[in-house]
J.: 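Please read through the structure below; I'll follow up with questions.
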Amino acid sequence: MVTATIPIIGCQQEEIPFSKNENETFYVEHLDSKLRVQMRGNTLSDKIVLTVHGGPGGSSYYLSYLDEMKELEQDYAIAYWDQPMAGSSQGNNVGFKVDDIAEGLRKIIVTLKNRYGNSKKVILYSESWGGIISTAFLTKGNNQLLVNGWINSDGPHDFNLMDREIVKMAIHVGSEEIAKGNNVETWSPIIEYCEQHNPCCNTYEESQKLNELLGDAEYLIDTVVQVEFNTIDIFWSEMLDNNAPFTASGFNLFSNNINGVEKDAWSKDYTKAVAGIKVPLLLLWGKYDFIVPPAVADSLLSNVQSAKKQLVLLERSGHNGFLQEPQLYWPAMKEFLNEL
């Protein structure tokens, strides 16, 4: 292991460890919160993969527990970031908006470069909800100059587009399934609601209803790989293993229902703004993702100006391709990282 002395505000200096098997936790102040970052893996690498987790109100724990992420840690430094009001970040401000979280992301990246070196390549790895946060960050000012790539896994950039595509996909796929005689009693009310709300959605409440109806629809498809994924159990297990602050973690876990950030996200439309994105882009998407349909990925792919961009469509996956088809998902990610 090697260390570097990094000057910080005031007279203090901090010893920053560099090794092939690092594990340190630090906090970055942002507005009324302290955002938790757990840096793990090979900090001698020239690349830092920064996770932008799902939610809202989720945590980086459901990524940090994965064996595949631990394998990536052998080659790269992985920064597991907990967003405001999520995971083990601290603070009780429930008024955060999408732009506030995106600004927090910018502060995290600046801090990573200050701690580990400006020459480090930072690659965003956004999953689900993290897509809208990464989009908000990348489309503001010159923020994209701070990163060297973006991996987006089933993450939206426009909630209204997402809702419209959910309706189209539900009607199309549901009708095909009914014609086959598959799950007719389940698909029929879903299609009826979607036909009554096409195009969807005029209100945030309609959008929520749509998510409620289609959240588990992928498992109505015979070819989709069935997986069990209990994020609550993972959260508590990882929290205990990492000595995370119990009070902050518990408050964040149970306060998501009073946080209006998802409604704020629903009002955002970045479809035109993403045309300014030029960083290398890898999209990893489930063919049967009824939460963020693959048509959303098609829209993003066609609108960004990235010279290097690729969509990997996972034929037997829904919203959790990293679990459903890991044999395709993770090699695609590693190949993308190696080429940056």
Side-chain angles (χ1 to χ4, degrees), residues 26-37 39 46-56 60 76-86 89 96-159 161 261-262 264-265 267-283 296-297 299-310 336-337 340:
F26 58 91
Y27 290 81
V28 176
E29 293 189 3
H30 176 51
L31 299 178
D32 296 326
S33 293
K34 293 182 179 180
L35 307 181
R36 176 183 178 274
V37 178
M39 176 64 88
D46 67 337
K47 299 183 181 77
I48 298 175
V49 179
L50 172 55
T51 66
V52 190
H53 63 70
S60 61
Y76 314 107
I78 312 292
Y80 297 99
W81 167 50
D82 284 342
Q83 298 164 28
M85 292 294 297
S89 287
F96 279 99
K97 304 298 184 185
V98 169
D99 290 340
D100 298 325
I101 302 177
E103 174 60 16
L105 175 55
R106 187 193 67 81
K107 287 185 179 180
I108 295 296
I109 295 172
V110 170
T111 300
L112 290 173
K113 286 182 172 289
N114 286 339
R115 288 177 69 88
Y116 299 100
N118 281 319
S119 63
K120 295 287 188 182
K121 298 177 182 178
V122 176
I123 299 95
L124 299 181
Y125 170 34
S126 58
E127 201 277 324
S128 190
W129 161 262
I132 196 77
I133 301 302
S134 296
T135 301
F137 164 79
L138 289 167
T139 55
K140 185 172 183 179
N142 294 320
N143 280 351
Q144 65 178 307
L145 297 179
L146 293 170
V147 301
N148 300 86
W150 180 22
I151 301 167
N152 185 15
S153 176
D154 298 272
H157 62 281
D158 179 343
F159 271 51
L161 169 66
V261 68
E262 188 173 36
D264 178 56
S267 69
K268 302 288 187 181
D269 179 355
Y270 295 105
T271 300
K272 293 181 179 179
V274 297
I277 294 177
K278 299 179 181 179
V279 299
L281 172 65
L282 172 65
L283 298 172
V296 175
S299 170
L300 184 57
L301 191 71
S302 63
N303 280 289
V304 299
Q305 294 186 50
S306 307
K308 177 181 175 58
K309 55 184 179 178
Q310 178 187 7
F336 178 80
L337 290 169
L340 291 177

J.: side-chain hydrogen bond (donor to acceptor under 3.5 Å, both in side chains): which pairs involve residues 117-132, sequence neighbours left out?
T.: Tyr62-Glu127, Gln83-Trp129, Tyr125-Tyr329, Ser126-Trp150, Ser126-Asn152, Ser128-His319
J.: Just how far is it from atom NE2 of His53 to atom CD1 of Ile133, taken to the nearest 0.5 Å?
T.: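 The CD1 atom of Ile133 is 9.0 Å from NE2 of His53, to the nearest 0.5 Å.
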J.: May I ask you to test the Ile151-Phe336 pair for a side-chain heavy-atom distance under 4.5 Å?
T.: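 Side chain of Ile151 against side chain of Phe336, heavy atoms only: contact under 4.5 Å found.
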J.: If I take atom OG1 from residue Thr135 and atom CG from residue Leu300, how far apart are they, to the nearest 0.5 angstrom?
T.: 6.5 Å
J.: Test Pro56 against every option in Ile101, Val261, Asp264, Ile132 by the side-chain contact (heavy atoms from CB on, under 4.5 Å) rule and name the one that passes.
T.: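 Filter result, single survivor: Val261.
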J.: Quick one, Leu138 and Leu124 - any side-chain contact, counting heavy atoms below 4.5 Å?
T.: yes
J.: So, the side chain of Ser306 versus the backbone of Val279: is there a donor-acceptor pair under 3.5 Å, distance only?
T.: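 Judged by distance alone, yes, a pair lies under 3.5 Å.
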J.: State, with a plain yes or no, whether a side-chain heavy atom of Met39 is found less than 4.5 Å away from one of Tyr116.
T.: yes
J.: Under 3.5 Å, side chain of Gln305 to main-chain N/O of Lys278, donor-acceptor pair present?
T.: no
J.: Whether the side chain of Gln144 engages the backbone of Gly276 through a donor-acceptor N/O pair (distance < 3.5 Å, no angle test) should be reported.
T.: yes
J.: What distance do Ser89 atom OG and Phe96 atom CZ have between them, rounded to the nearest 0.5 Å?
T.: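 Taking OG in Ser89 and CZ in Phe96, the distance rounds to 9.0 Å.
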J.: Tell me, do Phe137 and Glu103 make a side-chain contact under 4.5 Å, heavy atoms counted?
T.: no
J.: For the CD1 atom of Ile78 and the CG atom of Leu50, what is their distance to the nearest 0.5 Å?
T.: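 Reported to 0.5 Å precision, the distance equals 9.5 Å.
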J.: Indicate yes or no for a side-chain donor-acceptor contact from Asp82 to the backbone of Leu35 under 3.5 Å, with no hydrogens or angles considered.
T.: no
J.: Does a side-chain N-to-carboxylate-O contact under 4.0 Å join Asp99 and Lys140?
T.: no
J.: Does the side chain of Asp158 come within less than 4.5 Å of Ser299's, by heavy atoms?
T.: no
J.: Is the closest side-chain heavy-atom distance between Leu337 and Ile123 below 4.5 Å?
T.: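 Yes, their side chains come closer than 4.5 Å.
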J.: Report yes or no: does Thr51 contribute a side-chain atom to a donor-acceptor pair with the main-chain N or O of Trp81 at less than 3.5 Å?
T.: yes
J.: Donor-acceptor pair, distance only, cut-off 3.5 Å: does the side chain of Asp100 make one with the backbone of Lys97?
T.: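 Yes; judged by distance alone, with no hydrogens or angles, the pair exists.
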J.: How long is the straight-line distance from CG of Asn303 back to NZ of Lys272, given to the nearest 0.5 Å?
T.: 10.5 Å
J.: Pick from Val304, Leu283, Leu282, Ile277: which one makes a side-chain contact (heavy atoms from CB on, under 4.5 Å) with Lys309?
T.: Val304
